[in-house]
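Each remark here refers to the structure printed beneath this line.
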Protein chains: 2
Amino acid sequence: MGDTAPRGEAASERVAAHLRQAILSGEIRPGSRIRQEEIAEQLGASRLPVREALRMLEAEGLTQLEVNKGARVPAFDRAQLDVIYEMRERIETLALRLSLPHLTSAHEAELYRLQDRIEATTDVATFLDLDRQFHLLSYVGCPSGELLASVTRLWNSTQHYRRAFMLHKAEERWMIVNAEHRLLLDAIARRDEVDCERFLSGHIRRTRIQLVDHPEIFDD
Amino acid sequence: MGDTAPRGEAASERVAAHLRQAILSGEIRPGSRIRQEEIAEQLGASRLPVREALRMLEAEGLTQLEVNKGARVPAFDRAQLDVIYEMRERIETLALRLSLPHLTSAHEAELYRLQDRIEATTDVATFLDLDRQFHLLSYVGCPSGELLASVTRLWNSTQHYRRAFMLHKAEERWMIVNAEHRLLLDAIARRDEVDCERFLSGHIRRTRIQLVDHPEIFDD
DNA sequence: CGTAGTAAAAATGGATCCATTCTGGCGGGA
DNA sequence: TCCCGCCAGAATGGATCCATTTTTACTACG
């Protein structure tokens with residue numbers, strides 16, 4: 001290796017972090033195969049921590065491993081993505097409800113700051129990242145690690161299709177998302193459970209409907 | 001090794017199957033540490049497929065791995081289990097709704113047969129196993145693998161606490177569960193989405209409330 | 001010309017060995 | 001007496017090497 005320090009951090013976690021970034025950024029596309037020794041050589045590690053990392057990412061919904069057939073990034077068709085969004089609707093509204101009482105004013109301020117940055121950017125990659133940060137931050141008060149892990153898995157699974165969608169209908173989508181975020185933000189600031197649930201489930205439902213209506217997104 | 005055939009099946013999957021059974025049956029209790037070489041020696045394999053298996057089970061919610069600290073079976077307190085049951089309420093009603101249109105009469109017959117066996121048994125371990133089979137079978141028509149995996153994870157996480165609960169309040173719980181199962185079964189046979197959702201969410205909610213009300217279950 | 005069979009190449013799974021990190025018990029000092 | 005630090009044993013993480021499976025490309029046959 002010679003560049004990064006093996007001290008202090010587990011090699012498998014470094015590999016996992018690298019692959020996680022590569023998959024979420026779209027560098028590695030859904031359906032494509034991930035060759036262990038290719039990654040190992042690329043990161044200056046042996047194949048073993050790579051296998052370990054691929055298993056870690058499997059628990060996060062970012063890879064799928066089959067015996068003797070290697071690892072792939074899972075790909076979804078319209079029907080499958082539709083279900084994932086219905087899961088998001090139910091899981092994330094629960095997460096927000098449980099998070100709401102524990103959100104501090106610091107969290108609130110950070111949410112507003114994130115939304116300002118979302119409205120300021122014109123870059124799709126930045127938008128996707130900030131949008132993800134925005135929602136996940138709103139769940140940060142949630143006292144259940146299991147629930148947060150589920151939410152993260154769902155976001156991981158949808159990441160690629162959100163990007164494909166934004167690349168098509170960016171300008172229109174931008175405005176809708178921002179309007180819905182503002183409504184949600186104010187409901188959060190008011191600690192209004194009912195409005196939070198209403199706005200969030202509506203936000204996810206409308207995204208789902210629009211997303212599934214674009215066949216060109218699913219050209220794999 | 002010398003006893004089991006390494007042919008045809010991956011060693012890591014054999015190890016995973018063994019550990020899965022051991023954890024779900026309560027042989028390995030939540031919170032307890034799982035030593036890699038102990039399992040490896042016990043099953044006549046090296047430590048590598050054991051690590052692999054532990055990672056697989058992590059994706060199923062049956063183990064938790066920490067760097068340099070080994071693997072543990074996750075344990076939950078009352079608040080955490082409460083959240084898991086709220087997730088079950090939302091996720092499983094969705095799974096049943098999506099499964100319902102694809103259930104065949106053969107599935108129905110098998111569900112009735114399972115319920116008959118549930119009512120016939122007096123053994124807690126058998127009851128837990130059949131109850132799990134009953135519910136998971138009702139979701140088998142669900143077209144989404146992600147959703148089924150989520151449901152399975154939730155059942156894995158609750159398994160130990162269901163058992164602890166049944167060991168305490170068995171006779172009372174038995175009758176309630178059976179009554180609720182019969183209502184659910186008939187709703188499934190009628191393909192009645194509304195009643196299915198109502199009976200299932202009620203079933204899970206009442207189980208949650210009773211379960212969380214028993215502090216002795218959480219003595220770890 | 002297309003397809004099935006086969007063999008070489010590549011990729012994955014597993015075992016053994018070594019390095020690093022955690023754990024637990026002991027002793028010394030405040 | 002209690003607490004902190006240190007040392008030995010044990011457990012985990014990683015690297016290299018070998019076996020098995022998959023894949024792919026080539027050849028031969030229909």
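Here is how names work: the chains are called A, B, and so on, in the same order as the sequence lines, proteins then strands, and each is numbered from 1.
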For the residue pair [X] and [Y], confirm or rule out a side-chain donor-acceptor distance under 3.5 Å.
| X | Y | value |
| --- | --- | --- |
| Ser138(B) | His135(B) | no |
| Thr93(B) | Arg90(A) | yes |
| Thr207(B) | Arg88(B) | no |

Show the numbers, then the answer: is there a salt bridge (Lys or Arg N to Asp or Glu O under 4.0 Å) between Arg51(B) and Glu52(A)? CA-CA 8 Å; Arg51(B) 277 165 68 180; Glu52(A) 194 92 4; 3.4 Å; yes
For atom [atom1] of [X] and atom [atom2] of [N], their distance in whole Å:
| X | N | atom1 | atom2 | result |
| --- | --- | --- | --- | --- |
| Ile34(B) | dA10(D) | CD1 | C1' | 18 Å |
| Glu66(A) | dT22(D) | CD | C1' | 12 Å |
| Asn68(B) | dT23(C) | CG | P | 9 Å |
| Leu48(B) | dA19(D) | CG | C1' | 14 Å |
| Leu65(A) | dG13(C) | CG | C1' | 12 Å |
| Arg14(B) | dG14(C) | CZ | P | 10 Å |
| Ile39(B) | dG14(C) | CD1 | C1' | 18 Å |
| Met56(A) | dT12(D) | CE | P | 15 Å |

dG13(C) phosphate, OP1 or OP2, under 4.0 Å from Gln36(A) side-chain N/O: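 Result: yes.
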Which one, [options], comes nearest to the side chain of [X]?
| X | options | value |
| --- | --- | --- |
| Ala45(A) | dT12(D), dA15(D), dA11(C) | dA15(D) |
| Arg33(A) | dA15(D), dT12(C), dC22(C) | dT12(C) |
| Ser46(B) | dT16(C), dT12(C), dT12(D) | dT16(C) |
| Arg35(B) | dA11(C), dA11(D), dG13(D) | dA11(D) |

Establish whether the base of dG14(C) is bridged to the side chain of Arg47(B) by a donor-acceptor pair shorter than 3.5 Å.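 Answer is no: no donor-acceptor pair is held.
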State whether the distance check finds a donor on one side and an acceptor on the other, under 3.5 Å, for side chain Arg51(B) versus base dG14(C).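 Such a pair does not exist between side chain and base.
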Using a 4.5 Å cut-off on heavy atoms from C-beta on, say whether the side chain of Val212(B) contacts that of Arg208(B).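 Yes, side chains in contact.
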Given DNA chain D, 5'-ward residue of the pair Ser12(A) and Lys69(A), judged by closest heavy atom: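 The residue whose closest nucleotide sits nearer the 5' end is Ser12(A).
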